[in-house]
*Asks:* 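Structure in structure tokens, see below.
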2 protein chains.
Amino acid sequence: MSGEWQPGHRLPNEHELMAQYSCARMTVNKVMSGLVTAGLIERRRRAGTFVSRQQTDSAILQIPNMREEVTSRGARYRYRLLARTVRTHVELEAETFEFFQGGPVLELECLHYADDRPFSYERRLISLAAVHHAEEADFSHFPPGTWLMEHVPWSEASHRIGALNADAEIARVLQVAVGEACLLVERRTWRLREGITQVSQFFPGDLYTLGARFAPDGQIRTRTNALKNLH
Amino acid sequence: MSGEWQPGHRLPNEHELMAQYSCARMTVNKVMSGLVTAGLIERRRRAGTFVSRQQTDSAILQIPNMREEVTSRGARYRYRLLARTVRTHVELEAETFEFFQGGPVLELECLHYADDRPFSYERRLISLAAVHHAEEADFSHFPPGTWLMEHVPWSEASHRIGALNADAEIARVLQVAVGEACLLVERRTWRLREGITQVSQFFPGDLYTLGARFAPDGQIRTRTNALKNLH
DNA sequence: CAGTGGTCTAGACCACGAA
DNA sequence: TCGTGGTCTAGACCACTGG
């Protein structure tokens, strides 16, 4: 979680960890199983245990992987960066200011297309205090959601889902009529209580739905977000 | 899961289960821990293990508990049954027909109020083949979601979340303007691959959002569905 | 105070799959 | 082939808490 071990780094095997922590192998195994579930490590017999290469974003959070979302349905994915600003002076609202603990943020506006039709408009803030490399990253060709998933581990996130009528700006960007119902997903992500990123994603209501299939314990079996009405 | 043990029924203790299944206590304990996570049983030291009194609907699915949703915010909850029909001849669309395997269904339309303002319009189908008692249940005063949670265990569910503009009927029932953005939650619930219920819930977009806070493994820490703009 | 669950240990056998 | 993880056993000590 600290980033000390890069993705792909091999961890000590269970016997070594037994010795290191002076405990039984089953105790080690329980902890490791939990880390597998959390997506932080991957385990292969004979090969060993490794820090996950990509943050296996949990199904519920997999929304940001727009490219896969689109291409898996045979549509063509395109991405465009609309705006990029570094905000050192914080002219943010109080709640957002608190989330980023007053530090500098990178503000991005992006658009995701499916077959040349815009299907997601994204406004994102990234903490530069928490993610130093973000300022040098090239977001003009690759979406920040993907980049963050691959580079920054996270320990907690929240989201909020709502519906709203498109105002003039959203309508213009998403190429829908003013007043069209849009799905809004707002998400915040933390690493050890430090705010990493905050994003608002707007989807045309007739084009995108969130879906999941799950068990009583809340474990998600499959995610079934859907693009509709693609021509 | 079969319903053979009523809620509150006490299960054999771990030593008895060891003997019954000829396995070690740790193996029993692992299984039981899983059932606790799944919300099917509750365990208390010295007292024993019991079938859960209420299906502890997982956070992600807790949407149906409208009463708690409303009253926990200091608002007054009211419920109204708009329509009740038993459909034996199945004039359902193909997908719905398949879900209920052609059996008879109970169709309900309900409205949930917060402080006398409608905030959720619900269209629900319940399989009478799977839930026999449903036909005798009194849904004129108590919402079907709550009743089902208390009476029918489930093993799997799916939901779909979208946004749509209110049509004339929805606008009338929810007392919003035609075209107002609404949040739509569709949910299906199974017990051992048998379809139990299917529901569509409409919320005024300016009044209700879904929220959750969760860990990378998808485990939900807290649910934070929100009622807004109540006066 | 004693029955119950929570959790650990030490050891074992096995399945897998990379070397 | 054999190092590694997956999973089980048998036994132990302890923390609760209800009777």
Side-chain angles (χ1 to χ4, degrees), chain A residues 1-2 4-59 150 153 155 214-222, chain B residues 1-59 153 155 214-222:
Chain A
M1 189 63 79
S2 71
E4 186 182 334
W5 287 344
Q6 293 293 317
H9 179 92
R10 179 173 168 171
L11 276 65
N13 69 26
E14 297 195 349
H15 284 280
E16 291 166 337
L17 290 170
M18 275 174 64
Q20 183 175 339
Y21 291 99
S22 304
C23 66
R25 197 180 142 219
M26 186 141 205
T27 308
V28 172
N29 185 271
K30 268 191 183 174
V31 174
M32 303 297 266
S33 298
L35 294 175
V36 168
T37 306
L40 289 172
I41 62 174
E42 292 168 7
R43 317 193 76 187
R44 292 192 303 278
R45 288 177 166 166
R46 168 80 201 198
T49 301
F50 306 86
V51 177
S52 291
R53 290 216 163 267
Q54 60 174 4
Q55 278 297 318
T56 54
D57 35 359
S58 77
E150 284 170 1
S155 55
F214 44 90
D217 60 1
Q219 281 300 345
I220 293 177
R221 299 249 166 85
T222 56
Chain B
M1 188 64 80
S2 70
E4 186 183 334
W5 288 344
Q6 292 293 316
H9 179 90
R10 178 172 168 171
L11 276 66
N13 69 28
E14 297 195 348
H15 283 280
E16 289 166 340
L17 291 169
M18 276 174 63
Q20 183 174 339
Y21 291 99
S22 303
C23 67
R25 196 179 144 220
M26 186 140 206
T27 308
V28 172
N29 185 271
K30 268 192 184 175
V31 174
M32 303 298 266
S33 297
L35 294 174
V36 168
T37 306
L40 289 172
I41 60 173
E42 292 168 8
R43 317 193 76 188
R44 291 192 304 279
R45 288 177 167 167
R46 169 79 205 199
T49 300
F50 305 86
V51 177
S52 291
R53 291 216 163 267
Q54 62 174 3
Q55 276 296 320
T56 54
D57 35 1
S58 75
S155 55
F214 45 90
D217 59 2
Q219 281 300 346
I220 294 177
R221 301 247 166 87
T222 57

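Given the structure is predicted, the values throughout are model-derived calculations rather than measurements.
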*Asks:* CD1/Ile41(A) to NE2/His9(A) distance, rounded to the nearest 0.5 angstrom?
*Replies:* 11.5 Å
*Asks:* Could you state the interatomic distance from OG1 (Thr27(A)) to CD (Glu14(A)), rounded to the nearest 0.5 Å?
*Replies:* 10.5 Å
*Asks:* Calculate, to the nearest 0.5 Å, the distance between atoms CD and OG1 belonging to Glu42(B) and Thr49(B) respectively.
*Replies:*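 Between atom CD of Glu42(B) and atom OG1 of Thr49(B) there are 10.0 Å.
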*Asks:* Which nucleotide span of DNA chain D, 5' end to 3' end, has atoms closer than 4.0 Å to non-hydrogen atoms of chain B?
*Replies:* dC8(D) to dG19(D)
*Asks:* With a non-hydrogen cut-off below 4.0 angstrom, is Met26(A) in contact with a base, only sugar-phosphate, or nothing?
*Replies:*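 Touches a base.
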*Asks:* Are any non-hydrogen side-chain atoms of Leu11(A) and Val51(A) less than 4.5 angstrom apart?
*Replies:*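 The answer is yes; the side chains approach within 4.5 Å.
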*Asks:* Exactly one of Val36(A), Asn29(A), Val31(A), Leu35(A) should register a side chain to side chain contact (heavy atoms under 4.5 Å, CB included) with Ser33(A). Which one does?
*Replies:*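 Option passing the side chain to side chain contact (heavy atoms under 4.5 Å, CB included) with Ser33(A): Asn29(A).
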*Asks:* Map Arg44(A) and Lys30(A) onto DNA chain C by nearest heavy atom, then report which one ends up closer to the 5' terminus.
*Replies:*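 Looking at the nearest nucleotide for each, Lys30(A) comes out on the 5' side.
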*Asks:* Would you give the length of the straight line joining atom CZ of Arg25(A) to atom NE2 of His15(A), rounded to the nearest 0.5 angstrom?
*Replies:*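 One gets 5.0 Å once the value is rounded to the nearest 0.5 Å.
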*Asks:* Report the distance from atom CZ of Arg43(B) to atom C1' of dG3(C), rounded to the nearest whole Å.
*Replies:* 13 Å
*Asks:* Confirm from the modelled atom types if Arg46(B) and dA2(C) form a donor-acceptor pair under 3.5 Å, side chain to base only.
*Replies:*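 When only heavy-atom distances are counted, Arg46(B) does reach the base of dA2(C) through a donor-acceptor pair under 3.5 Å.
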*Asks:* Determine the contact category for Ser33(B): base if any of its heavy atoms lies under 4.0 Å from a base atom, sugar-phosphate if only primed atoms, P, OP1 or OP2 are that close, otherwise nothing.
*Replies:*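 The residue Ser33(B) makes no contact with any strand.
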